[in-house]
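It should be emphasised that the depicted structure is a prediction, and the values quoted were computed from it without experimental measurement. All heavy atoms count here, side chains included; hydrogens, waters and symmetry mates do not.
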Protein chains: 2
Amino acid sequence: MILKMYRSHNCGELRETHQQSQVTLSGWVQTVRDKGFVVWADLRDRYGITQLIFDEERSSKEIMEIAKSLGREFVIQVKGTVIERASKNPNIPTGNVEVLVSEIKILNKSLVPPFTIEDQTDGGEDIRMKFRYLDIRRNPVKNNLIFRHKVAIEVRKYLSDQGFIEVETPYLIKSTPEGARDFVVPSRMNEGQFYALPQSPQTFKQLLMVGGMDKYFQIVKCFRDEDLRADRQPEFTQIDCEMAFVEQEDILNIFEGLTRHLLKEIKGVSIDKFPRMTYDEAMKKYGNDKPDIRFGMEFGELNAIAQHKDFGIFNEAELVVGIAIPGGAAYTRKEIDALVDWVRRPQIGAKGMVYAKYNEDGSFKSSVDKFYDQEDLAKWAEVTGAKAGDLICVLSGDANKTRTQLSALRMEIAQRLGLRKKNEFAPLWVIDFPLLELDEETGHYHAMHHPFTSPKPGQLELLDTDPGAVKANAYDLVLNGNEIGGGSIRIHDKQIQSTMFRHLGFSPEEAKAQFGFLMDAFQYGAPPHGGLAFGLDRLVAILGGQETIRDFIAFPKNNSGRDVMIDAPAPIDDLQLKELHLKLDL
Amino acid sequence: MILKMYRSHNCGELRETHQQSQVTLSGWVQTVRDKGFVVWADLRDRYGITQLIFDEERSSKEIMEIAKSLGREFVIQVKGTVIERASKNPNIPTGNVEVLVSEIKILNKSLVPPFTIEDQTDGGEDIRMKFRYLDIRRNPVKNNLIFRHKVAIEVRKYLSDQGFIEVETPYLIKSTPEGARDFVVPSRMNEGQFYALPQSPQTFKQLLMVGGMDKYFQIVKCFRDEDLRADRQPEFTQIDCEMAFVEQEDILNIFEGLTRHLLKEIKGVSIDKFPRMTYDEAMKKYGNDKPDIRFGMEFGELNAIAQHKDFGIFNEAELVVGIAIPGGAAYTRKEIDALVDWVRRPQIGAKGMVYAKYNEDGSFKSSVDKFYDQEDLAKWAEVTGAKAGDLICVLSGDANKTRTQLSALRMEIAQRLGLRKKNEFAPLWVIDFPLLELDEETGHYHAMHHPFTSPKPGQLELLDTDPGAVKANAYDLVLNGNEIGGGSIRIHDKQIQSTMFRHLGFSPEEAKAQFGFLMDAFQYGAPPHGGLAFGLDRLVAILGGQETIRDFIAFPKNNSGRDVMIDAPAPIDDLQLKELHLKLDL
């Protein structure tokens, strides 16, 4: 349907074939070039830019005057004739034509915008957030939002075609003590009581499975009142899915299919079968449960060959582990010192780094030549996969911490070497996650995924004797070193669910108060079921080849959880508080 | 993709062509008929019901025992052979076959459900709400949810094809004093401050227009903390839309197109051009701004012919108005008395009702024969469109109240006469709504649609002299007597928006505090724009031929805003309150 009143065409549409057509365009003035007897203006809308021309010979005096009065971001409507452009602009699709304006109307004026509405703007992050409605006019932001729309369309299309039903679950639910903090909503009608905003529709989607809905999905907002780290948002969007009468293999197949569909439709990338890796293997090889496998640099564990050689630091370490940096043998002493400083930064926390250059001539030069001879170092090279010309970097200490540190180094180096290519996509299933995770501060175990995750068959008994060893049918989809989403096969037996709650430190009363409705539901024929959730914000950002989810959210919040554009949150008036049966306690 | 582990087919799939196939099915036991030597069970899943057969000759003793132990709603998996059924059931698609079970596994047992999982259940509303997950297993509820999904799919398809972009707007926004009460969300990180949940994304969609997004839509949850009337929900879903560079005509065309698409795709109903009616005309003809035009019974105003005839009640009335009830001349005295009682009920509030029978023989018999002769009554018949055999019912009094009362009578009669046919669809645009509405209690005007609605061109001046007479480019789409949605052309000029806020009683400081960001945005090149929102819950219910929106919501709340299934809202613990800087004030 073409909207005829304000425009006959949009600003990205006119071509040489339109020459001599009478057209009506509306949009924003991008630039004005006033050469005295002739004025050019670029008119911009969502679809592109079209050049307008006004000249003394062919345009009325009145129109010339208006043209000369135009400022950046004025909203105008013009009528005119499409003509061939004298100096063509091959960089834009409309670059061969311009519109000779015969009528013009200023629909709205504009103050000078606080930053330029260009792909490369002069505006900093803060001012662009405050004037987000102007930032959205810029191609990079606008295109991100359109890109997000397209991804959501394809997600819905794929899942609907597979028989999934999108069911809306409620936003005003009940606060639960597990996981992150809830945002709560005081109830006016139920004095002293609160709703909570969902951290995810987890229990509702499980109830839909009990309700026979079989294949559910929803693209849905979720809420977590966490202290915001960089690039976290208090509200975020999930592709939330659940299926009944399925095993893990079914779920991996379906959502591998979804991801493959998106990569194909959105990025034109065909990927056959996604590799799979257990959690244990990912930790061992990459020190990370979401490894970026677009590049190698796999970990080599050196305990067997580097310990018992008089080097006390290694001898005392639980783990000695290294990676080979391609081409790193060429690093100067200064560059290597900088690397050592990098791993010793408090954010990384390594005490130091041992290194060995594997020179192009096949010889080795290490920081620990006193303890290790050429033969020893050749073994290091073998284990870390180093080739002549590489630099072997070795960290040691507590196994978990050392892996995390070396993983950070690996990612940093890959970034520097340009190995994290934004148009290369390497998905990976990480499977067999531990069921429980030890909280080192409290000494208690908590659910690694969530309390509804089922232990692997036959491992329930281990819960009492070696809880940390229990594995779950839990899985994450990792894409380019980012966790896109994860899920699990759920518990569908009331007894097992009670046992889980007990192990997680819930008293029977607490479990009943919080999740009684779910355990009740399990008594009325709950089918085997499982599912997962993808983070849409991150998925879109990664498919878009970018890192920051905020760039793909129309109106994001800053790191204090504030919307600086509308200035929220804000105080409310006393009457509102009174109606909600609340007092401030500052 | 067929899921192979738990089932090879679903329970709605098997036909005679599958005979002799080995199949695996999973689902719920609907019924068991144990005839001793043979046991039949109906197995149900989302897709249908398949009959299972176990018999002593062909099934093992162990399987027979399990079959006999099955209870309603047990979850089982069976393997077996598809065979022809001895006594066929033509009422279900799988009715010609049954599965002779060779393997069976009970996946989960079930307590006896608190109501029968049948299309006609024995469960009352309350128990079904508490066990909503069981209610969803019933076809009527399940099919409503699937129907809703299909409507949403078609809405997204149509709007995307028209170039609309679905943009997610934030849920944690700022409380505004206009309209209904906001639900608020205390901020932990911003002491003493609150977010509000959106009553609609109104200001954000307008900012998207300022941002050049041009054609926006979103299927989005909205929240209103109102005292709940029947069939209102504190959270509800809107199809929210906005367009820039459009006039009212563009918007009506696009969304008439959407509605036509839905009627065609979902209901198979083709409707050409939707009729349009001004608000004034709707009030005059139907006493209602959302008239059901599936049937006639239009109002006839009798002031000119019924006043000045010595009947004091009519003479003193501002309005004398009647409708003709088809076939009503046959009503007995008792039936008519009941009608009079009906309009005098407090919910309707009429003081009385005058009636005139237009007998089949052409004569009239009225309750006011003392004042009106046959000729007078013939004029009444002419004005109300009554035919021989009809009953003319006349109410009188204050114009607005009388119209509302007569509209209620008209709808009641239509309901009784079966004129509100659920598979007939009569859409109608009601246009030219008043800009402002007088609050009779306070004597103040408030925005009939919302404060961002633009007065009709040239009517701005009337705001000072005759505010009630100012009309707006505001419109509602009415379907079968229900308001499906509405919208308006918005103000896009800062000055006019300020004037509007002033007329609505905002001080400049209040306007700036609440909507400063919007008025600021209007200074940077805001395009002409407008839009509308459809209520998805109601739209789906009406398309589904039903009245109650709750039946189309997976997990609705009751009239006290409670979710009785999960028992929310609920108290939160003291630590949570403290973190939110709040105290209860009960």
Side-chain angles (χ1 to χ4, degrees), chain A residues 3 5-6 26 28 46 73 75 108 110-111 133 136-137 145-146 149 165-167 170-175 183 185 187-190 192-195 207 210-212 214 221 225 235 245 247 250 517 521 523-527 554-555 561 565-566 568-572 581-586, chain B residues 3 5-6 26 28 46 73 75 108 110-111 113 133 136-137 145-146 149 165-167 170-175 183 185 187-190 192-195 207 210-212 214 221 225 235 245 247 250 517 521 523-527 554-555 561 565-566 568-570 572 581-586:
Chain A
L3 303 172
M5 285 87 187
Y6 275 101
S26 291
W28 286 265
R46 182 180 128 195
E73 301 306 316
V75 186
N108 217 341
S110 174
L111 299 180
Y133 46 85
I136 290 173
R137 288 189 196 158
L145 296 181
I146 294 175
H149 166 70
I165 304 295
E166 185 162 19
V167 179
Y171 279 79
L172 297 173
I173 64 166
K174 190 154 94 169
S175 190
F183 282 105
V185 181
S187 168
R188 184 177 53 86
M189 290 206 284
N190 301 272
Q193 301 193 5
F194 295 74
Y195 302 98
L207 291 173
V210 177
D214 194 286
K221 273 281 175 77
D225 184 13
E235 48 178 306
F245 300 115
E247 295 179 355
D250 299 308
F517 61 94
Q523 299 181 99
Y524 291 98
F555 300 102
M565 180 185 70
I566 64 169
I572 60 174
H581 325 288
L582 291 176
K583 272 185 187 161
L584 295 184
D585 179 27
L586 303 179
Chain B
L3 304 171
M5 286 86 187
Y6 274 100
S26 291
W28 286 264
R46 182 181 128 194
E73 302 306 315
V75 186
N108 217 341
S110 174
L111 299 181
Y133 46 86
I136 291 173
R137 287 187 196 160
L145 297 180
I146 294 175
H149 166 70
I165 303 296
E166 185 162 19
V167 179
Y171 279 79
L172 297 172
I173 64 167
K174 189 153 93 171
S175 190
F183 282 106
V185 181
S187 168
R188 182 177 55 86
M189 290 208 282
N190 301 272
Q193 302 192 1
F194 294 74
Y195 303 98
L207 291 173
V210 177
D214 193 287
K221 273 281 176 78
D225 184 12
E235 49 177 304
F245 300 115
E247 296 178 354
D250 298 309
F517 61 95
Q523 299 182 99
Y524 292 98
F555 300 102
M565 179 185 70
I566 65 170
I572 59 175
H581 325 287
L582 290 177
K583 272 184 185 159
L584 295 185
D585 178 26
L586 303 179

Select, from A/L586, A/D214, A/I136, the one with the greatest count of heavy-atom pairs under 4.5 Å involving chain B.
-> A/D214
Note: vs chain A, highest number of non-hydrogen pairs under 4.5 angstrom among B/I566, B/I173, B/D225, B/I146 is B/I566
For each of B/P170, B/P113, B/P527, tally heavy-atom pairs with chain A at distances under 4.5 Å, and name the one with the top tally.
-> B/P170
Determine the option with the most heavy-atom pairs under 4.5 angstrom with chain B, choosing from A/E73, A/H581, A/H149.
-> A/H149
Can you name the nearest heavy-atom pair linking B/R137 to A/V210, along with the distance?
-> NE-O, 2.7 Å
What are the two closest non-hydrogen atoms of B/I572 and A/S175, and how far apart are they?
-> CG2-CB, 4.1 Å
Between B/L207, B/V185, B/L172, B/V75, which has the largest tally of heavy atom pairs under 4.5 Å with chain A?
-> B/L172
Between A/K583, A/E166, A/R188, the one whose heavy-atom pairs under 4.5 Å with chain B are most numerous = A/R188
For residues A/M5 and B/D250, report the shortest heavy-atom separation together with the two atoms involved.
-> SD-OD1, 2.8 Å
Given that the side chain runs from C-beta out, which part of A/S26 has a heavy atom under 4.5 Å from chain B: side chain, backbone, both or neither?
-> both
So which part of B/K221 gets closer than 4.5 Å to some heavy atom of chain A, the side chain, the backbone, both or neither?
-> side chain
Chain A heavy atoms under 4.5 Å from B/M565: which part of the residue, side chain, backbone, both or neither?
-> both
Is it the side chain or the backbone of A/V167 that comes within 4.5 Å of chain B heavy atoms, both, or neither?
-> side chain
Closest heavy-atom pair, B/A568 versus A/K174, reported as atoms and distance to 0.1 Å, is CB-CB, 3.9 Å
Based on non-hydrogen pairs under 4.5 Å, which of A/A554, A/A526, A/P571, A/G211 is most in contact with chain B?
-> A/G211
Should the pair B/F245 and A/W28 be assigned to parallel (<30°), tilted (30 to 60°) or perpendicular (>60°) ring geometry?
-> perpendicular
Atom of A/Y6, atom of B/E247 and distance for their closest heavy-atom approach | CE1-CG, 3.6 Å
In terms of heavy-atom contacts, B/I165 and A/L145 come closest through CG2-O, 4.2 Å
Which of B/G561, B/G212, B/A570 touches chain A most, by non-hydrogen pairs under 4.5 Å = B/A570
